[in-house]
Structures are given as C-alpha cells and as structure tokens.
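Inspection log for the structure reproduced underneath, given as structure tokens.
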Amino acid sequence: MAAGRSLFTFDLARSIVYTRQGNPAWSGQERDGTAPIRSNDMFYGHAAADPQPDWVDPPGLRFRRRTSSSDCSANLDPPRSIHRMPLPRFWYFPKGKKAVVIMTGDNHGAAGMSPRFEIYRRESPANCSEPDWECVRATGYEYVRAAFTPSQAMFYDRMGFEVGVHLTTGCLDFSPAALDSTLSVQLAAFGSFLPGVPAPATSRTHCIAWSD
Amino acid sequence: MSTAAEVEARHGIRFDTNYYYWPPQWVQDRPGLFTGSGMPMRFAKVDGTIIDCYQATTQMTDESGQTYPMTSDSLLTPALDARGYYGAFCANMHFDNPDHPISNAIVASALARVCRSCRLGRC
C-alpha cells in the first residue's frame with residue numbers, strides 16, 4: 001500500500017464490534033436457558049430451540065482472532081482515526097505495561113468489603129505508588145447502604161479504591177425506560193448516603209442482566 | 001445490544017463490567033477471551049455510533065467453575081511473553097466474604113509476574 005493509506009477488504013469496524021458485543025441476531029434472546037437475559041446469551045450457541053456454533057471460537061482460538069485484527073489496527077496512524085473509530089490504537093496502559101488485572105467484587109450486604117480492602121492493602125508491595133498502578137486496589141460494587149458507612153467509603157476512596165453501586169433490577173429483564181429509572185434512583189440514593197464519595201463511573205448489575 | 005451501555009453513559013457510567021464469562025457449563029474451565037479481546041473498548045450501537053462507555057469484559061469470576069491460579073496464569077503469561085496477547089483482565093471476586101482464596105490466588109499470580117519483570121529490569 002502507498003504510504004499513509006490502509007485498505008481492508010472487509011468491514012473491520014463492524015467485525016470488531018460484532019466479535020466483542022455478540023451476535024446482534026441473538027440480541028434479546030434467552031439462549032442459555034437461565035434468566036434473565038445476559039450478555040453471554042449473544043455468544044451462546046447451544047440454545048435448545050436454536051442450536052448453533054458459539055459466536056466466538058473456542059478459547060484456544062480466541063487469542064489468534066483478537067490479534068489478527070487488533071495487531072493490524074495497532075499499526076495504523078492514530079491521528080487519522082482517533083475519536084471516530086471504536087479503538088484506534090491498542091496501547092493504553094501506563095508505562096507500557098502489557099497486562100493489568102482489574103480487581104472488582106460485588107457485595108450484597110455482608111460485611112466483606114472493608115476486610116477485603118485491607119487484605120489488598122497488605123498484599124501491595126512496600127512503598128508502592130497508587131497513581132502508578134503499583135498497589136493492589138479494587139472496585140467494590142455494593143447495594144446502597146449495605147456495605148460501607150460514609151466514613152469508610154471516604155477512607156478507601158482516598159487510597160485509590162473505588163466504591164460503586166451494585167445496580168439491581170431484581171434479576172429481571174429491563175426496558176430502556178425501566179433501566180434508566182432504576183439507575184437514576186439507585187445512583188441518587190448512593191449520592192445521598194455517601195456524600196463526598198465520587199459518583200460511580202463504573203458498574204456491574206446484579207445477575208448481570210443485559211436485556212438486549 | 002447496547003441499551004444498557006447507552007443508559008449508563010447518560011448517567012456518567014463510563015466503564016461497564018457486565019460482559020461476563022459465565023455460566024460454568026459453557027465456560028468448562030477454559031481460560032480465554034469470549035469476546036475475542038482483553039482490551040477495554042467503547043461500546044457501539046448497531047448503526048456504528050460510538051457510546052462513551054467502555055466494555056471491560058469480566059473474564060475471571062468465582063462462580064463460573066474456573067480453576068485458579070490456572071485461569072489467571074493462562075491470561076497473564078501470554079500477555080507478558082513473546083506472544084504479546086496483552087490485556088486488562090477483569091475479575092469479580094465477590095466482596096461478601098472477607099477472605100477469598102481465589103482473589104488471593106489472582107493477586108499472587110499478578111504480583112509474581114510484577115516481581116519477575118522487575119528482576120529482569122523491565123519495569
């Protein structure tokens with residue numbers, strides 16, 4: 001190819017999005033037989049009423065599929081596509097790090113959050129730098145008013161832990177309007193109960209409901 | 001396909017962990033990346049419109065019948081060696097219980113590799 005030009009003989013952006021987000025034809029289907037509808041249903045081939053191959057190859061092949069398109073994209077000139085492509089350049093970790101573990105945990109009201117965060121503090125290397133991602137930190141998703149007191153939440157927030165909402169739909173499928181309402185109510189309750197704690201920027205829903 | 005991400009983005013949620021490697025009978029203790037990638041990336045609508053909320057797939061859970069540290073080792077080793085299968089690997093280790101052997105195993109798996117890299121002068 002001429003300098004400054006890139007050519008794909010297939011729709012690369014669509015291929016990446018479909019691979020990552022699942023088969024759009026299976027969106028909204030309960031395919032694995034366990035309600036509610038979840039994101040994995042869009043990858044689950046062996047539905048009793050509609051047996052198909054899984055949407056993405058078995059694990060041993062997944063790495064190769066990822067690299068075949070992503071490594072190619074990584075060599076594109078970022079300014080050409082940034083802000084317009086789903087992921088214009090595939091290098092985002094501090095200091096060129098190759099791997100990151102994102103430690104999270106859902107909490108449903110038991111008193112496990114604070115003790116676990118203390119374990120992570122003890123497991124952190126001595127004199128680690130939290131801004132440089134050298135310490136063991138985590139995000140705890142809790143039912144509002146269920147785990148942390150306001151002072152506990154502020155204490156851990158200052159050390160680089162995140163406290164967020166474990167949104168619940170009651171393990172039920174949702175409509176867009178219902179999810180919007182549920183999230184509004186639970187985020188407002190979080191802000192009211194934990195003033196001073198940053199509004200959650202990340203999320204995991206109880207039962208991982210994902211209705212379409 | 002993207003309703004939840006759209007709603008979350010409207011409420012300031014910019015990082016979603018709901019793509020989740022589960023249930024156990026489907027996972028079959030096979031470590032891997034069921035969305036084909038270990039890199040968080042913004043969601044998109046079916047018409048291609050980008051949603052300002054990142055998809056961070058939860059590849060490691062404590063309810064999917066996965067074996068540890070085999071699972072975390074199988075994700076981290078190829079990310080760090082010459083194969084270059086880089087990634088940000090998300091775990092859900094429920095915080096209902098104070099101590100959690102699987103969480104401890106994942107942290108140990110990661111820290112062992114941090115220390116090894118330091119000894120080799122790569123950090």
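Quick note on labels: first sequence line is chain A, next is B, and so on, each numbered from 1. Note: hydrogens, waters and symmetry copies are ignored here, and every other heavy atom, side chains too, is used.
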A:Phe161 vs A:Phe117 aromatic rings, parallel, tilted or perpendicular, using cut-offs 30° and 60°?
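Ring orientation, 0 to 90° scale: parallel.
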Using non-hydrogen atoms only, which part of [X] is less than 4.5 Å away from chain B: side chain, backbone, both, or neither?
X: A:Arg38; value: side chain
X: A:Leu179; value: both
X: A:Ile208; value: both
X: A:Met113; value: both
X: A:Thr104; value: both
X: A:Ser114; value: neither
X: A:Val101; value: both
X: A:Ala111; value: backbone

For B:Asp81, look at atom CG and say whether over 12 heavy atoms of other residues, nucleotides or ligands are found less than 6.0 Å away.
yes
Let me know if [X] has heavy atoms under 4.5 Å from chain A in its side chain, its backbone, both or neither.
X: B:Thr58; result: side chain
X: B:Ile106; result: side chain
X: B:Ser109; result: neither
X: B:Ala108; result: neither
X: B:Asn104; result: both

Can you tell whether the side chains of B:Arg113 and B:Asp73 come within less than 4.0 Å, N to carboxylate O?
yes
From NE2 (A:His166) to CD (A:Glu142), nearest 0.5 Å
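Answer for the NE2-CD pair, A:His166 versus A:Glu142, is 11.0 Å.
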Chain B shares the most heavy-atom pairs under 4.5 Å, among A:Ala201, A:Pro115, A:Gly45, with A:Ala201
